[in-house]
Every structure is written in C-alpha cells, then in structure tokens.
There are 4 protein chains.
Amino acid sequence: MGLPRKGSVPTGRPRDPRIDAAAIGATLAILDESGYGGVSVEAVARRARSAKTAIYRRWPNRQHLVLAALSARIGEAATPDTGCTICDLNEGINVFIAAFRQIRPDVLGSLLADCASDPELRRQFMVRLFEPPRLAVSRMLDQAAQRGDLRPDADRALVLDLLGSLVHYRALFGHVPTTAAEVEQAVEALLGGIALDYPALLEHSRRLAEGGAVHDTHAL
Amino acid sequence: MGLPRKGSVPTGRPRDPRIDAAAIGATLAILDESGYGGVSVEAVARRARSAKTAIYRRWPNRQHLVLAALSARIGEAATPDTGCTICDLNEGINVFIAAFRQIRPDVLGSLLADCASDPELRRQFMVRLFEPPRLAVSRMLDQAAQRGDLRPDADRALVLDLLGSLVHYRALFGHVPTTAAEVEQAVEALLGGIALDYPALLEHSRRLAEGGAVHDTHAL
Amino acid sequence: MGLPRKGSVPTGRPRDPRIDAAAIGATLAILDESGYGGVSVEAVARRARSAKTAIYRRWPNRQHLVLAALSARIGEAATPDTGCTICDLNEGINVFIAAFRQIRPDVLGSLLADCASDPELRRQFMVRLFEPPRLAVSRMLDQAAQRGDLRPDADRALVLDLLGSLVHYRALFGHVPTTAAEVEQAVEALLGGIALDYPALLEHSRRLAEGGAVHDTHAL
Amino acid sequence: MGLPRKGSVPTGRPRDPRIDAAAIGATLAILDESGYGGVSVEAVARRARSAKTAIYRRWPNRQHLVLAALSARIGEAATPDTGCTICDLNEGINVFIAAFRQIRPDVLGSLLADCASDPELRRQFMVRLFEPPRLAVSRMLDQAAQRGDLRPDADRALVLDLLGSLVHYRALFGHVPTTAAEVEQAVEALLGGIALDYPALLEHSRRLAEGGAVHDTHAL
DNA sequence: TGCTAAGCGAGACGGTACGTCCCGTCTTAAT
DNA sequence: ATTAAGACGGGACGTACCGTCTCGCTTAGCA
C-alpha cells in the first residue's frame with residue numbers, strides 16, 4: 001500500500017505503519033463528511049496528526065490517497081457458486097451493489113474523472129475498484145456456461161455490461177436507488193435473452209427459494 | 001441562460017450577449033483542451049477577453065458555467081417516430097450516444113460529482129443534460145406501447161435505465177466505446193423480454209433496413 | 001458646489017438639488033460611522049438612494065466628494081475683535097478647535113494624504129478647510145499689531161503655526177484632547193515672547209474676565 | 001519584525017530573512033515612487049520577487065507592512081547631551097525633523113488615518129514612529145531641569161507638544177518646510193517662557209556656537 | 001404642444017486588489 | 001532515513017469598488 005521506498009534495501013528509520021492507517025482513516029472520514037472536495041493533503045495530515053511530508057512519501061497526490069482509502073474500504077468480493085444461475089447472479093449483483101454503496105457517488109465520480117489525466121491512477125482504479133465485482137459476475141457467467149445453462153452464441157460481455165451498468169448508472173446518477181427486486185427483474189430479462197432453457201432455470205431458482213432463505217427485497 | 005437579473009423588469013444597461021457566447025465558447029474550448037480541472041473562472045475570462053465580474057454576473061461559479069457550456073453544446077434531442085419500434089430505438093439511442101460523446105467522460109463525471117454538494121446544480125444537470133435523451137427513449141417506448149408492440153406488464157422504467165445506462169456506463173467508465181452493432185444487440189435482447197411479438201418486430205425492421213438506409217455500424 | 005455643467009448655458013433638465021443634499025448627507029453619515037475607508041461612491045449612491053452617475057456628474061471622485069461634505073459641515077469661521085488680544089486669541093483658537101473637532105482625525109488625515117497626488121484637491125482643501133481658521137487667527141494677530149500690542153520684530157508666521165499646530169497636532173495624532181486651559185497657557189507662553197508689554201495685556205484680560213463671561217475650560 | 005510565528009518554539013523550516021529585507025525594501029521603493037496608494041501586497045510581492053503568502057505570513061495586511069517599512073527606515077534617534085540646553089534642543093529637534101522628512105507626508109497621514117480603525121496598528125505606530133523622537137526631546141527637557149535651567153513650575157508637556165507639533169504640523173500639511181533658523185526661533189520663544197534665567201542660557205549657547213560648529217540653517 | 005437636451009435610475013463593462021486556501025516542494029532539527 | 005513543523009512560489013477563489021458606458025424614462029425650457 002502506498003508508494004514503495006526509492007531504494008530497495010530498507011536502511012534507516014522504518015516508516016511508521018500507524019501513519020498509513022491514520023492517513024487512510026482520516027481520508028475516509030473526510031470523504032464521508034465532506035466528499036471528494038474536502039480531501040486535501042493538508043486536511044488529511046491535520047486530521048491524521050501527521051505531517052504533509054509523511055503523506056507525500058506514501059502517495060504521490062490526493063487522488064492516489066483517495067484511491068488507496070476507497071480500496072481499503074471495499075476489499076475483496078467473493079463469487080457465489082450454488083449451482084443455480086439465477087440465484088448466483090442475484091446474489092452476486094447484490095454484493096456488487098453493496099460494495100459500491102459504501103462509496104458516495106460523487107466521490108466515485110470525481111475519482112473516476114481524475115483518472116482521465118493520470119493513466120497510472122486509472123490503471124489502479126480499474127484493478128482495485130472497477131474490476132473486482134465485474135470479475136465476480138463474469139465468473140458466474142462462466143460457471144453458468146460450464147453448466148450448459150447459456151446459449152453458446154450469447155454475448156456475455158454485453159450482458160456483463162448491462163448488469164454492471166444498471167448498478168453504476170443508478171449509483172452515479174443517483175436518481176433512484178436500486179432494489180433487489182429490480183435486480184431480479186433485470187436478471188430475468190437478460191437471461192431470457194441468453195439462456196438455453198430459461199423456464200427450467202427459473203423453475204430451479206423458485207424451488208431453491210421456497211426451500212431456503214428468501215431473497216431480501218428491501219430497497220438498496 | 002446564466003443567472004437571471006435580480007429584478008424581473010430589465011432596467012439599466014442590458015447584458016452584452018456576445019459575452020455570454022464568448023464565455024460559453026471559451027469554456028468549451030478549455031474543457032476540450034484541458035478537461036474540467038483546466039476550467040477556472042479566471043482562465044475563462046482571460047480566454048473570452050472579458051472580465052471576471054462579467055462571468056460572475058451570469059453564473060455563480062465554475063460548475064454552473066460548465067453546465068451551461070455543456071448544455072449549450074448538447075441542445076435538444078429529437079425523438080424519431082417511423083412506426084418501426086426496433087429502428088426507432090436504435091436510432092434514438094444512437095442520438096443519445098452521439099450527444100454524450102460530445103462531452104469528455106471526465107468532464108461529465110466531475111460535473112456530476114460536484115452536483116452532490118449543490119442541489120440547484122444537480123437540478124439543472126438533470127433537467128438540461130440527463131433527462132433530455134432519456135425522455136426521447138421514454139417517448140419511443142410510449143409510441144411502441146401505443147402501437148401495441150409491448151407486453152402490457154412490461155417494466156418500461158427498468159428497460160429505460162438499462163438502455164440509458166448502457167451508454168452512460170461505458171461513457172463514464174470509458175473502458176470500451178459502444179458500437180451501433182452493440183446497441184442493436186442490446187435493443188434486441190431487451191425487446192425480446194418486453195415485446196408482445198418480438199419476431200414480427202424484427203422482421204419488420206429487417207424489411208425496412210433492406211429497402212432503405214443501412215444503419216451505421218461505426219464505432220462510437 | 002460640485003462640478004459645473006460642461007456647457008455654460010443651462011439647457012435640458014436641470015440637476016435635482018435634492019441629490020446634492022442627499023449625497024453630501026450620506027457622505028457625512030458614512031464618514032461618521034465608518035470613516036474615510038467606508039466612503040465609496042457606490043455606498044454613497046446607495047445611501048442617498050441615487051445613481052452612481054448622478055454623483056459622478058457632480059464630483060469627479062470620492063476625494064472631492066468627501067471634501068465637499070466636510071467643507072459643507074465646517075462652513076465659515078468668524079474672527080472675534082474685542083480689543084483684548086489675549087481674549088481674542090483664546091476665543092479664536094477655540095473656534096479653530098471646535099471646527100476641526102467636527103471632523104474625525106483619520107478622515108482629515110486621509111483626505112490630506114490624498115491631496116498629495118491631486119493638486120486640484122489640495123488647492124481646494126487648503127482654501128476650504130485649512131486656511132479659514134488660520135486666517136481668523138492671522139487677522140487677530142494683525143489686530144493686535146495695529147493696537148500696538150506686539151513687538152514690531154515678532155515672527156507672526158511662526159506664532160501662527162505654533163498656535164495652529166498645537167490643535168492640529170493633537171487632533172491628528174489624537175494622543176490627548178486639548179483643553180481650553182491648555183490653549184490659554186500656550187497663548188500666554190507665546191505672547192510672552194512677542195508682546196511688547198505682556199503683563200499689561202494679561203492684566204487687561206483678567207479684568208475683562210472678572211467683569212464678563214468666564215472662559216469655558218472644559219476639555220475639548 | 002513582522003508577525004511572530006504562532007508557537008514560540010521555532011520548529012520547521014525557518015523564515016528566509018532575505019524575504020523580510022526584500023519586502024521592506026520593495027515597500028519603501030513603492031512608497032517613494034507611488035505613495036501609500038501604490039502599496040498593495042500584490043505589488044510588493046511582485047517587486048520583492050516573492051509570493052503573496054510569504055508577505056502575509058509576516059504582516060497581516062498592507063498597513064502593518066508599511067509601518068514596518070517606515071520604522072525600519074527611521075530607526076533610533078539619539079539624545080544629545082552637551083550641557084547646553086539651547087544647543088541640545090536645536091540639535092534634537094533637527095534630528096526629529098530629519099527623521100520625519102524621510103517619510104512622505106501623505107504616507108504618514110494615510111498610515112495615521114488607517115490607525116483609527118486598527119488599535120494594534122495604532123499602538124505600534126505610536127511606539128515605533130511617534131514616540132521615539134518625542135522621547136528624545138523629553139529627555140532633553142529632563143536634562144535641562146536637572147541642570148536647574150528650567151523654572152520648577154514649567155509645563156513641560158505643553159512645551160514638548162509645541163515643539164513636536166511644529167515639525168509634524170508642517171510635515172503633514174506640507175505648506176512650508178521648516179528651517180533650522182525657525183527651529184531656533186521657536187526654541188528661544190518657548191525657553192523664554194520656561195527658563196529660569198533665559199539670557200544666561202542664550203549667552204552660553206552663543207559662546208559655544210562661536211567656538212565650535214555653526215548650526216546648519218539650510219531649509220529642511 | 002411638441003422638440004431637444006440634459007438629468008436620472010439602473011446596472012453592465014473591463015479592471016485591480018483583497019485576504020484565504022491549497023498545491024506540491026523545500027529546509028530544518030530531532031528521533 | 002523518517003518524522004513534525006512549517007516556509008516557499010504559485011494559482012485560483014469569490015467579493016468589493018473603481019470610473020466608464022449604455023439603456024429607457026423623466027423633466028424641463030424653447031419654439
């Protein structure tokens with residue numbers, strides 16, 4: 001996390017790990033309270049009770065600091081694999097949604113926008129924030145294909161985007177929150193287009209739902 | 001455009017409309033060259049060969065100025081109505097895409113992000129940038145419903161979001177540009193879910209395409 | 001008062017005299033409340049419920065406006081002539097003091113300072129504010145000389161400055177207010193230097209004081 | 001000089017003393033060229049080839065900067081003590097005059113005027129510009145009293161003001177420069193009023209003048 | 001009575017400076 | 001070598017006035 005030291009051999013006084021933690025914590029706190037605009041290296045240093053130099057030694061600028069803070073919060077997303085394609089997708093997309101709901105839409109948008117002028121930032125944004133949940137959905141589609149649930153000619157990339165974008169679109173534009181029921185509807189609509197035998201899949205998921213945990217349909 | 005005068009009765013020297021135009025033009029030029037971060041009221045005034053005060057008289061800050069510039073560029077979107085639901089949607093969404101491709105993704109993202117802390121800005125963003133193309137698609141779905149092309153129980157709002165988001169998602173995240181072929185595919189997938197008689201619609205659109213102009217399939 | 005019209009023949013709509021009065025009044029009010037720095041043409045126009053142009057038509061800038069306001073307040077100073085040199089001087093200097101105590105010291109100082117870069121302002125300042133009270137004292141010294149009270153070789157200009165400066169010095173630097181008693185002391189000290197027969201003058205004034213009005217010795 | 005740092009313990013990078021010097025120098029240069037009105041923090045920073053922030057770190061605003069510049073120029077005034085009261089006073093007052101002649105009258109007046117709305121500025125103005133020369137004259141009067149040259153009942157404060165004001169009056173109003181001859185005359189006039197044995201003092205000074213350096217009688 | 005010249009209010013115009021905030025770099029002494 | 005502290009040059013913020021200008025309307029005296 002953060003910038004590596006210049007020289008590879010760690011001589012001299014080692015970096016104080018509490019400063020990493022304090023800086024990340026301060027950044028997250030400011031993001032929650034005042035949004036992206038409130039994060040300045042000066043403010044973070046003030047709040048973390050550290051010096052600006054200690055921050056700049058670890059991250060080259062505000063943007064990378066914010067990215068580090070956000071990816072520290074989001075962490076890793078798991079891929080469900082229950083054998084039921086519809087259930088997996090619903091479950092997986094809700095993980096997707098939950099992960100991004102931990103980030104204020106304006107913060108995500110600002111950081112994304114700043115990526116335009118900083119390729120390295122963009123690379124890290126993709127690897128650490130954008131791709132993990134997409135990968136999870138992608139893996140679930142692969143599993144479904146392996147089970148033979150999908151038509152061989154289905155355009156999985158498009159479905160991936162349509163499912164992913166549903167969440168991001170509403171998250172970023174924030175005009176309506178997305179409910180689990182809507183996720184379910186969207187999954188059904190899209191699977192209707194790419195499944196080999198959609199009615200069978202639906203029947204499978206209904207039986208599981210009756211026998212097991214009921215899906216949460218609360219608003220997200 | 002811009003701030004209204006305080007009193008509704010226009011007394012005093014009238015505003016010079018060339019300054020409005022010059023400011024909008026300068027803002028767009030800077031946005032194209034240097035992105036959102038390059039736009040400062042000082043820079044715009046410099047480039048428009050006007051005074052900072054003349055800018056502040058019209059727009060309260062950088063954000064509103066950018067919004068005015070973007071909506072001046074985008075203008076109004078027309079709603080096609082050819083009687084062919086599939087053609088209309090393809091055409092309409094391409095207008096949608098073309099409109100937003102005139103805006104750098106980082107600019108759109110930054111402005112959107114700044115909306116979080118300024119309700120009035122957000123309101124104008126929605127009215128002037130977000131809703132016009134959505135309305136166009138919405139009207140096309142209404143037309144399709146009036147023609148009896150759609151299942152009565154279809155969730156049009158969700159389809160609207162899925163179609164709209166396809167564009168915005170890729171525009172904002174910019175990982176891949178969206179081709180007209182992909183739009184076609186998405187329209188077909190979603191209509192497959194909500195159309196009363198999808199094969200008939202498809203056949204209709206194919207006949208029109210053969211007899212008339214071929215859809216542009218260039219990358220967007 | 002104020003600028004003359006350009007053309008000497010007064011055609012067209014005549015100037016509204018109430019605006020002159022309102023502007024002077026507003027200026028004085030602002031000077032009293034907020035000092036010289038508070039006077040801006042915009043503020044005066046606001047307070048006088050007139051337009052900036054109406055002000056600029058009469059006075060070329062803030063400084064001349066302030067000068068006009070101050071000299072309107074001070075007006076003319078009379079020269080006492082009772083035949084008693086000491087009484088006249090005491091009386092005359094108190095008029096001097098009273099006149100300048102109507103002006104905040106900082107206002108006087110600021111205006112004076114601005115005179116440095118505006119010869120016309122300086123000329124008017126001298127004629128309308130600085131000289132009138134000095135002339136009064138000067139006339140009193142002339143009267144004393146005519147009565148034969150002064151030594152023929154006395155440097156009247158210096159005495160004039162010493163007497164005048166006593167007031168201005170304390171007024172401008174404001175470290176102590178000047179009492180009538182101090183004025184009396186100063187007059188006696190200086191007359192001691194230039195009078196032909198100082199004890200006789202003193203005796204004369206004492207007799208008059210006993211028989212007539214007692215000098216006010218309140219602090220100024 | 002300038003603002004003290006917040007914490008009394010000097011941690012962090014020390015202030016660059018060359019910037020203090022450059023700022024003071026630039027301020028004095030601008031004062032001489034363009035007067036008080038020409039001094040803006042921006043202009044000083046420009047001329048001193050430093051940043052505005054570096055100026056504001058040292059002085060809270062234009063006024064304090066000007067005060068610092070003026071007091072740097074004036075420095076300390078010495079008190080002569082030759083045993084000859086008349087010579088000392090002439091000499092001392094000429095130091096007084098010379099010190100203030102290094103300051104343009106409008107600059108002094110403007111600064112003084114600005115003191116009205118800033119008590120701290122006023123305090124420093126008094127301590128650094130107004131009192132030093134006054135103290136010198138005051139000390140000379142004390143020395144004269146100790147030598148037994150003055151009448152015990154003499155009002156030294158008044159004489160101090162009369163002598164001091166002579167200089168300031170003409171300096172501020174600038175109507176005539178003050179010559180050493182006039183100073184001599186004024187000293188003689190006033191000592192005539194408060195000396196125990198004025199003719200003896202005069203005789204003493206004359207003998208010294210014949211035997212030593214002749215007083216400068218050039219215009220000031 | 002209608003013409004014409006100026007006054008008037010309102011407010012836009014190009015400017016300048018304000019004092020504040022933050023940037024990302026640097027210098028210092030202390031650990 | 002890292003740390004806290006803070007100075008450095010720089011740039012932009014949004015505000016307040018400057019003194020000039022352009023409007024449409026009002027108010028006279030002269031014809």
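So that the names make sense, note that chain A is the first sequence line, chain B the second, and so on, each numbered from 1.
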K.L.:
Report the C-alpha separation of B:Y36 and A:D114 in whole Å, then their side-chain angles, then the decisive distance to 0.1 Å, and conclude whether the side-chain contact (heavy atoms from CB on, under 4.5 Å) test is met.
P.N.:
CA-CA 9 Å; B:Y36 195 75; A:D114 283 349; over 6 Å; no
K.L.:
Kindly say whether, by distance alone, the side chain of D:K52 makes a donor-acceptor pair under 3.5 Å with the base of F:dG10?
P.N.:
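No pair found.
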K.L.:
Return the 5'-most residue of the pair C:E42, D:I19 with respect to DNA chain F, ranking by each residue's nearest nucleotide.
P.N.:
D:I19
K.L.:
Is C:R15 close enough to E:dA5 that one of its side-chain N or O atoms is under 4.0 Å from OP1 or OP2 there?
P.N.:
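Result: no.
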K.L.:
Atom CG of B:D16 to atom C1' of E:dC13: distance rounded to whole Å?
P.N.:
9 Å
K.L.:
Rounded to the Å, how far apart are B:R57 CZ and F:dG14 P?
P.N.:
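Computing the B:R57:CZ to F:dG14:P distance gives 16 Å.
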K.L.:
At what distance, to the nearest 0.5 angstrom, does CG of A:D118 lie from CG of B:D106?
P.N.:
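Interatomic distance, A:D118 CG to B:D106 CG, rounded to 0.5 Å: 12.0 Å.
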K.L.:
With heavy atoms under 4.0 Å as the rule, sort C:R18 into base, sugar-phosphate or nothing.
P.N.:
nothing
K.L.:
OH of C:Y56 versus P of E:dA6: gap in Å, rounded?
P.N.:
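About 22 Å, once rounded to whole Å.
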K.L.:
Report yes if a side-chain nitrogen or oxygen of A:R46 is closer than 4.0 Å to either non-bridging phosphate oxygen (OP1 or OP2) of F:dA5; otherwise report no.
P.N.:
no
K.L.:
Verify the contact: side-chain N or O of D:R58 to OP1 or OP2 of F:dC8, cut-off strictly under 4.0 Å; return yes or no.
P.N.:
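It does, given that an N or O in the side chain of D:R58 lies less than 4.0 Å from OP1 or OP2 of F:dC8.
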K.L.:
Nearest to the side chain of A:S50, which nucleotide is it out of F:dA4, F:dG6, E:dA10?
P.N.:
F:dA4
K.L.:
Can you see if the side chain of B:R49 gets near the phosphate of E:dG14 - specifically, an N or O under 4.0 Å from OP1 or OP2?
P.N.:
no
K.L.:
Have A:Y56 and A:N61 got a donor and an acceptor in their side chains that come within less than 3.5 Å?
P.N.:
no
K.L.:
For A:R49 and A:A45, indicate whether the former's side chain and the latter's backbone hold a donor-acceptor pair under 3.5 Å.
P.N.:
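Checking the backbone N and O of A:A45 against the side chain of A:R49, no donor-acceptor pair under 3.5 Å is found.
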K.L.:
Taking the nucleotide of DNA chain F with the nearest heavy atom to each, does B:V39 or D:P17 sit closer to the 5' end?
P.N.:
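Upstream on the strand: D:P17.
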K.L.:
What is the distance, to the nearest angstrom, from the CD1 atom on D:I55 to the P atom on F:dG11?
P.N.:
16 Å
K.L.:
Just how far, in rounded Å, is P of F:dT3 from CG of A:D20?
P.N.:
8 Å
K.L.:
Calculate the interatomic distance between B:R13 atom CZ and F:dC21 atom P; express it in whole Å.
P.N.:
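Those two atoms, CZ and P, are 9 Å apart.
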K.L.:
Taking any heavy-atom pair under 4.0 Å as a contact, classify B:T53: base, sugar-phosphate, or nothing.
P.N.:
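Answer is base: heavy atoms of B:T53 come under 4.0 Å of a base.
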K.L.:
Applying the side-chain contact (heavy atoms from CB on, under 4.5 Å) criterion to B:L121, which one of B:L112, B:L67, B:V66 satisfies it?
P.N.:
B:L67
K.L.:
Could you say whether D:R62 or B:A51 is positioned toward the 5' end of DNA chain E, judged by the nucleotide with the nearest heavy atom to each?
P.N.:
B:A51
